[in-house]
Every structure is written in structure tokens, then in C-alpha cells.
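Here the structure is laid out as C-alpha cells; the discussion comes afterwards.
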Amino acid sequence: MIHSDLLRRILLSITALIFIVIAVQGVFAPEQMAAGLGYVLSGPNGYSEFYAIYFGVWLATAALAILAAVRVRQSLIGDLVAMFVLAQPVGRLFALAQFGLPQGLLLAMFALEAVGGLLILCVRPSV
């Protein structure tokens, strides 16, 4: 384990920025983003679900990451961010057994989510 407030703050800030970028991209190009993820949006329910996750949940995750970066010594907040990030590759593992590895962009996201979440957990606040 590494103990560094600065490094943990940087990791949490980068995480927040990534989630903000994804949320903004989803607002301005929902159909293209959905297509890149392997599905098609149709009707009010499809768009509602897309915005709920790719805007609402992602902005909430970004806000939590910003709070964790500001209050870096309160390790539980950053650990919750890591849990939210790591929940994604864990979910992808469930699909892996039945459908195989994600492809293209999603394979890269799978790796980044796993590495990013684990890094946040491995870099602890200073003692």
C-alpha cells in the first residue's frame, strides 16, 4: 500500500473528470454513445434509462469522487468511489461467462475500471 494524500487526491480527481466527460457526452450524443456500447435507444423508456445511468448516476459518482478528493483523509468516501468504479468490471464478469469478453472500447473500459478502482484502494491517505 502507498500512503499519499496527493496521489489519492489525483486519482479521485481523474475519476471525477472521466465520469463528468462521459455524462456530458451522453447528453450531447446519446444515440452514438449507446451504439458504441452495443445497444440502440428507443422510446421514452430507453432514453430515460440511458440518462438515468449515463447522466444521473455518473454525475453522482463524479460528485462523490470530488468530495472524496476534497476530504481525502476520510478514506471511506474514496473507498466508496472505488467500490462504484469496481462494480462495473464485476458486473462485466457476470456477462463474460455467458457472452465472452467485451470488445473494442468496452474491453478498454473493463481494464481501466478494474485498474482505476484497485489503484484508489491501494493508495491510502497519509497516516
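Just so it is clear, the structure is predicted and the values come from calculations on it, not from any experiment. In this chain, numbering begins with 1 at the start of the sequence shown.
Scanning for side chain to side chain donor-acceptor pair (under 3.5 Å) contacts around Q88 gives an empty result, with sequence neighbours left out. Partners of I20 under the side-chain contact (heavy atoms from CB on, under 4.5 Å) rule, at least two apart in sequence or in another chain, are V24, L59, A62, I66. Residues satisfying the side chain to side chain donor-acceptor pair (under 3.5 Å) test with Y51, not counting sequence neighbours, are none. For F50, the ring pair (Phe, Tyr, Trp, His ring centres under 6.0 Å) criterion is met by Y54, not counting sequence neighbours. Scored by the salt bridge (charged side-chain N to carboxylate O under 4.0 Å, His left out) test, R124 finds D79 as partners (sequence neighbours excluded). Under the side chain to side chain donor-acceptor pair (under 3.5 Å) criterion, R73 pairs with D5, sequence neighbours left out. In terms of the side-chain contact (heavy atoms from CB on, under 4.5 Å) criterion, residue partners of I10 (sequence neighbours excluded) are, by chain and number, L6, I14. Legend: residues meeting side-chain contact (heavy atoms from CB on, under 4.5 Å) with I53, ordered by chain and number and at least two apart, are E49, W58. Evaluation of the side chain to side chain donor-acceptor pair (under 3.5 Å) rule for R92 yields E113 as partners, not counting sequence neighbours.
L67 and M83 end up in the same hydrophobic cluster when Ile, Leu, Val, Met, Phe, Trp and Tyr side chains are linked at under 4.5 Å. Using a 4.5 Å cut-off between side-chain heavy atoms of Ile, Leu, Val, Met, Phe, Trp and Tyr, with links allowed through other members, L7 and V115 fall into the same hydrophobic cluster. At a threshold of 4.5 Å between side-chain heavy atoms, the hydrophobic network of Ile, Leu, Val, Met, Phe, Trp and Tyr places V85 and L12 in one connected group. Cluster annotation: F19 and L37 are assigned to the same hydrophobic cluster (Ile/Leu/Val/Met/Phe/Trp/Tyr, side-chain heavy-atom contacts under 4.5 Å, transitive). Taken together through direct or relayed side-chain contacts under 4.5 Å among Ile, Leu, Val, Met, Phe, Trp and Tyr, F99 and L105 form parts of separate hydrophobic clusters.
Other members of the cluster containing F94 are V90, with ILVMFWY side chains joined at under 4.5 Å, either directly or via other members. Through direct or indirect side-chain contacts shorter than 4.5 Å among Ile, Leu, Val, Met, Phe, Trp and Tyr, L107 is connected to L93, L96, L101, F110.
No more than 12 heavy atoms of other residues, nucleotides or ligands sit less than 6.0 Å from atom CZ of R71.
Under the salt bridge (charged side-chain N to carboxylate O under 4.0 Å, His left out) criterion, no residue pair touches residues 17-36, with sequence neighbours excluded.
Here the CZ-OG distance, from R8 to S13, works out to 11.5 Å after rounding to the nearest 0.5 Å. Here the CD1 atom belonging to I120 is positioned 3.5 Å from the OG1 atom belonging to T15, to the nearest 0.5 angstrom.
At least one side-chain heavy atom of I22 sits less than 4.5 Å from a side-chain heavy atom of M33.
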key: side chain to side chain contact (heavy atoms under 4.5 Å, CB included) assessment of L86 paired with L121   = CA-CA 10 Å; L86 289 169; L121 289 177; 3.7 Å; yes

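Summarising the geometry of P102 relative to L106, their closest heavy-atom pair is CB-CB, 3.7 Å, with the distance given to 0.1 Å. Nearest heavy atoms, G117 versus A82: O-CB, 3.6 Å. In terms of heavy-atom proximity, A68 sits nearest to V81 at CB-CG2, 4.1 Å. The minimum heavy-atom distance linking F55 with A23 is given by the pair CD1-O, 3.9 Å. When all heavy atoms of L119 and L11 are compared, the pair lying nearest together is O-CD1, 3.8 Å.
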